Structure formats: C-alpha cells, structure tokens
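Notes for the one structure printed next.
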Amino acid sequence: MKRFFSLFFLAALLVNCTAEAQKVETVTVEGFVGEKSTMVYLVNADSFREVIDSVAVTNGKFTTTLPAKDNCLVFLSANGGYQQFFCAEGEKVCVDAVNDVIEGTGLNAKWGKLNADMKTDGNDAKKLLVDFCKENKDNNLPVAAMIIHQELLQWDVVTEILEACEGKAFLNNPYVGSFLMMAQSQQARAVGTPLKDIAIPDAKGKMHKLSDYVGKGKYVLVDFWASWCGPCCREMPNVVEAYKKYKSKGFEIVGISLDQKKEPWLAAVKRMNMTWPQLSDLQGWKCEAAALYGVQAIPSNVLFDKDGKIIATDLTGATLRNKLKEVFE
C-alpha cells in the first residue's frame, strides 16, 4: 500500500552527500515500486542526511548493488509514492514496496516478518510494535517500525518502549525523537490528566499561570487560537455565545494566542468581543504552552473540570455546545 510521511520527513531526501567508499562486501538489492515510478532514492536512515544511491526504474522494477554494512538501515523512496525500509546486509534483499514484502536474511527476515504480522487479521498491532522494538533494541530496526507505524505511538506504547530500551542508540534517531516528543505532549491533553502548569504573559507583560484559573472550582476552556487563523475566527462567535450563556454558571475561558504581533492580536480580541482573559508569548508556533499541550493545529482547546482535570479536547461548533450543555444543564 502507498504510504506518505510528513513533508519534513520527505524533505530530507533532497540532501545529497557522498556514499561511503572503499567497501568490499556488497549486497544486491532487487525491488518493485510500481509502474508509475521512474526513480528510486536510497537514504541512510541513521540520520536521513546521506543519499546512498539513486536508481532508475524499468517497468516498476529496479536492481542495484550497495556496500554491505552491519545494521545499516536504508530508507527507500520511489517517486511514484511507494516507500519502505530494508537493511544493507546479506548477499541479497528483495523489497516489494507496493505490497510491503521484504525477503532476505538476518535483520531483513525479522523486518519482513513484522510487515507480514502487521497485516494479519486478529493481531494486536500495538503489542507487535512494542515487542519488536524490545527484541531489536540493539539494532536500528525499531526506527523503521516506529516510522512506518507512527500512528500507533500513543503514550502507553511510547512509555513501554522507552522503559525497555532506555539508552539504546535507535532512540537518538532524529525522527524517532520527534515522534516520542509528540507522544509526550499529546499525553498532556489526554482525558483525565491533571493540569500541567505554565506561566504566560498577558498583553501588558504580566505573567499568569494556568493554575491561576484552572482548578479553582470552575470549568475552564483553555483556547488556542490566532488572529490570522481563519477557522479560529469563524469559530469564535460560537465560543463567545457559549461564554455568555454559561459564565454565570461557573464557566471560564482562557485564550492563548499564537500570534507574533501584539497589535493584530488585541485588535481581533476587541473585534470579536472576546471578554475572557487573553495570554500570549507572541512566539507563534513556538508558543511554549501550545507545545506543552501538543497543539498541532488551531483552533484547538482543552476543557478542564472544577478540579483541574481534562474532560474533553478540541471542542468546536455543536461538540462544544453539546459538551457544555451536558456539564451545566
């Protein structure tokens, strides 16, 4: 099946470096990447900064010879959209990126088995991923597993992998590191999680902690937005109406703007009649509070109960109205 990773991941393929020289032993790589592909790029997956080889594709197939190197994980990307990993070891490895089939010896045999097991009905994908990382913590195969199956990297999975593989080299891979950080930040917004506090300035530069508002006996919506965000501005009348309706019943909102300039931020606050507390470090997407709460897109919000525990996230439109009705009515 086709897989498409995030743009920052694919951008690494544009970086060209010379491959290691003076290697005697070689491995033959035969692959199938679909008839729409015309070129295959092979990248060292240790850092994704070294393009090992680029190969022309004929009728969906390619063949090349690479220097053999123990535990050398290679990322394959075809311009037809198919992607896969293999290890540059053994005499021969066959990579069917279209059907996710890897054939070879040693690490490639292990990787091929995981690919097959992941497609088998009834298998527990999370357990397969965790067990695979534990069993291969002394090589680089977990890098491939975590990138290919990044949708499984919820906090429980990440925690188990970290505890079992502490100090292992594969955790230093830049993309694995980014996935782990993302999972950690997502945990901060999981339902049932207590407030993770942070201090943020208001428009006059005075610092306010979220704990100044959250956990004080009110239901508090921490709302991430920006004046330049069209969806945020379209959603704001719904938020304003909710605030008017439930403020007297113990509802509070704390706005955290991802603006970078004070003037448009405050102008939008006034224009849209946002009468609740407004905070911003004016760092845009580098906002520390947004990073702490795993905000990947806006509008985004986190609803805390009276005791300061999260009861819902990313409420907009009818979902916000229905949740507040459930809480207050």
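Along the sequence shown, residues are numbered consecutively beginning with 1. This structure is a prediction, so every number in the text was calculated from the model and none was measured.
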Of all the heavy-atom pairs spanning [X] and [Y], show the shortest one and how long it is.
{"X": "Leu279", "Y": "His208", "result": "CD2-CD2, 3.7 Å"}
{"X": "Ser227", "Y": "Pro264", "result": "CB-O, 3.5 Å"}
{"X": "Asp281", "Y": "Cys287", "result": "OD2-CA, 3.5 Å"}
{"X": "Gly34", "Y": "Val98", "result": "N-CG2, 3.5 Å"}
{"X": "Cys133", "Y": "Met146", "result": "SG-CG, 4.0 Å"}
{"X": "Leu292", "Y": "Asp197", "result": "CD2-O, 4.0 Å"}

* Measure up the Phe85 and Phe48 rings against each other and bin them: parallel (under 30°), tilted (30 to 60°), perpendicular (over 60°). =>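 Because their plane-to-plane angle is over 60°, the rings of Phe85 and Phe48 count as perpendicular.
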Quick check: does any side chain N or O of [X] sit under 3.5 Å from a backbone N or O of [Y], one acting as donor and the other as acceptor?
{"X": "Asn322", "Y": "Ala318", "result": "yes"}
{"X": "Asn140", "Y": "Val143", "result": "no"}
{"X": "Lys262", "Y": "Ala203", "result": "yes"}
{"X": "Glu252", "Y": "Tyr213", "result": "no"}
{"X": "Asn108", "Y": "Glu103", "result": "no"}
{"X": "Asp223", "Y": "Val254", "result": "no"}
{"X": "Asp259", "Y": "Ala226", "result": "no"}
{"X": "Thr159", "Y": "Trp155", "result": "yes"}
{"X": "Glu241", "Y": "Asn238", "result": "no"}
{"X": "Ser37", "Y": "Val33", "result": "yes"}

[X] [atom1]: over 12 foreign heavy atoms closer than 6.0 Å:
{"X": "Glu166", "atom1": "CD", "result": "no"}
{"X": "Asp70", "atom1": "CG", "result": "no"}
{"X": "Gln283", "atom1": "CD", "result": "yes"}
{"X": "Lys119", "atom1": "NZ", "result": "yes"}
{"X": "Gln154", "atom1": "CD", "result": "yes"}
{"X": "Lys323", "atom1": "NZ", "result": "yes"}
{"X": "Lys61", "atom1": "NZ", "result": "no"}

Would you please say whether a donor-acceptor pair under 3.5 Å links the side chains of [X] and [Y]?
{"X": "Asp100", "Y": "Gln84", "value": "yes"}
{"X": "Gln278", "Y": "Trp225", "value": "yes"}
{"X": "Asn173", "Y": "Asp46", "value": "no"}

* **Close aromatic pair by centroid cut-off 6.0 Å: Trp276 and Tyr243** =>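 When the ring centroids of Trp276 and Tyr243 are compared, they turn out to be within the sub-6.0 Å range.
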* Ring centers of Phe251, Tyr219 separated by less than 6.0 Å -> no
* **Pairwise distance NZ(Lys110) to CG(Asn136) - rounded to 0.5 angstrom** => 4.5 Å
* Asked: SG/Cys72 to CZ/Phe86 distance, rounded to the nearest 0.5 angstrom?
  -> 8.5 Å
* Asked: Hey, any chance Leu141 and Val101 share a hydrophobic cluster, counting ILVMFWY side chains that come within less than 4.5 Å of each other, even indirectly?
  ->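 The answer is no; the residues belong to distinct hydrophobic clusters.
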* To do: List the steps, then state whether salt bridge (charged side-chain N to carboxylate O under 4.0 Å, His left out) holds for Lys69 with Glu89.
  => CA-CA 6 Å; Lys69 183 178 179 182; Glu89 66 169 35; over 6 Å; no
* Asked: Using a side-chain heavy atom cutoff under 4.5 Å and only I, L, V, M, F, W and Y, what cluster partners does Val191 have?
  -> none
* **Derivation of the side chain to side chain contact (heavy atoms under 4.5 Å, CB included) call for Thr28 and Thr63** => CA-CA 7 Å; Thr28 299; Thr63 301; 4.2 Å; yes
* To do: Start with the C-alpha gap between Lys309 and Asp305, add the side-chain angles, then the distance that decides, and say whether salt bridge (charged side-chain N to carboxylate O under 4.0 Å, His left out) holds.
  => CA-CA 5 Å; Lys309 291 185 178 180; Asp305 67 10; over 6 Å; no
* To do: Determine, for Lys206 against Asp202, whether the closest basic-nitrogen to carboxylate-oxygen distance falls under 4.0 angstrom.
  =>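 Judged by the 4.0 Å cut-off on N to carboxylate O distance, Lys206 and Asp202 do not form a salt bridge.
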* Is Val222 close to Ile256 at the side-chain level, that is, under 4.5 Å between some pair of heavy atoms? -> yes
